[in-house]
Amino acid sequence: MPRTVIYPGSFDPITNGHVDLIRRACSLFDTVVVSALNNSRKKYAFSLKERLGLLRAVLKPFPQVEVDSFSGLLVDYLRAKKASVVLRGLRAVSDLEYEFQMASMNRSLWPRMETVFLMPEERYVYTSSTMVREIASMGGDLSAHVPAQVLHALKKKFR
Ligand code: PNS
């Protein structure tokens, strides 16, 4: 049976840490659906259109990857996609509490679903979209943390 994993996130913007995780997922699953959350109550630096554009540009070299978006509950989206496995990254122990809570809540909403965790390469352990946005707004060098297309988009957004 072909195996699909859904990688949900804000991707505001996608970082090298996300790409590293997606590369790993491609060796484990047939299809990796990278899906950006569209939460109307949340303020993003990049609009959904911009986030999807960056995801598509950065993930073009990965034929197994499908870029998508969702709103509402993740479990409802999973059922609509006929998928039951979710991918999340664990960078450090500090991620664990939030991820454990989210995976447990999701499983209580839909017991059939599973969350699998992958660890990024060590050099991305401290990379986060939040820090990327903050550093970009202050003109810092992010070339080690984000793909070239994102670097360009950040420079345009925060110039
Ligand atoms: O990149 P992020 O912001 O850590 O991703 C969080 C995300 C999008 C995976 C999470 O907020 C989510 O799944 N939201 C959808 C709403 C939902 O299902 N909430 C209940 C699970 S806690």
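Below, each value reflects all heavy atoms present in this structure, side chains not excepted, and no hydrogens, waters or symmetry copies. Order of listing sets the numbers, starting from 1, for every ligand and every atom in it.
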Practice prompt. Output yes when a side-chain donor or acceptor of Asn106 lies under 3.5 Å from a complementary backbone atom of Met102, and no otherwise.
Written response: yes
Worksheet item: So, does Arg91 use its side chain to make a donor-acceptor pair with the main chain of Thr127 at under 3.5 Å?
Response: yes
What protein heavy atom is closest to [atom], reported as residue, atom name and distance in Å?
| atom | answer |
| --- | --- |
| atom 3 (O) of ligand 1 | Ser10 OG, 2.6 Å |
| atom 14 (N) of ligand 1 | Leu37 CD2, 3.7 Å |
| atom 6 (C) of ligand 1 | Tyr98 OH, 3.7 Å |
| atom 10 (C) of ligand 1 | Met102 SD, 3.8 Å |
| atom 19 (N) of ligand 1 | Leu73 CD2, 4.0 Å |
| atom 21 (C) of ligand 1 | Asn106 OD1, 3.2 Å |

Worksheet item: With a 4.0 Å heavy-atom cut-off (strictly under), which part of Tyr77 contacts ligand 1: side chain, backbone, both or neither?
Response: neither
Worksheet entry | Arg88, portion touching ligand 1 at heavy-atom distance under 4.0 Å | side chain
Practice prompt. Please identify which atoms of ligand 1 are closer than 4.0 Å to at least one heavy atom of Gly72.
Written response: 15 (C), 16 (C)
Worksheet entry | ligand 1 to Leu74 polar contact by distance, N or O atoms, under 3.5 Å | yes
Response to the item:
In short, ring-ring contact (aromatic ring centres under 6.0 Å, His included) pairs touching residues 136-159 with sequence neighbours left out are none
Worksheet entry | Test: Arg51 cationic atom under 6.0 Å from Tyr44 six-membered ring centre, within 45° of axis | yes
Discussion item. Does this structure show an ion pair linking Lys81 with Asp68, if we count only N-O contacts that are shorter than 4.0 Å?
Written reply: yes
Practice prompt. Check the surroundings of atom NZ in Lys60: do more than 12 heavy atoms from other residues, nucleotides or ligands lie under 6.0 Å from it?
Written response: no
Worksheet item: In terms of the angle between their ring planes, are His18 and Phe11 parallel, tilted or perpendicular, with boundaries placed at 30° and 60°?
Response: perpendicular
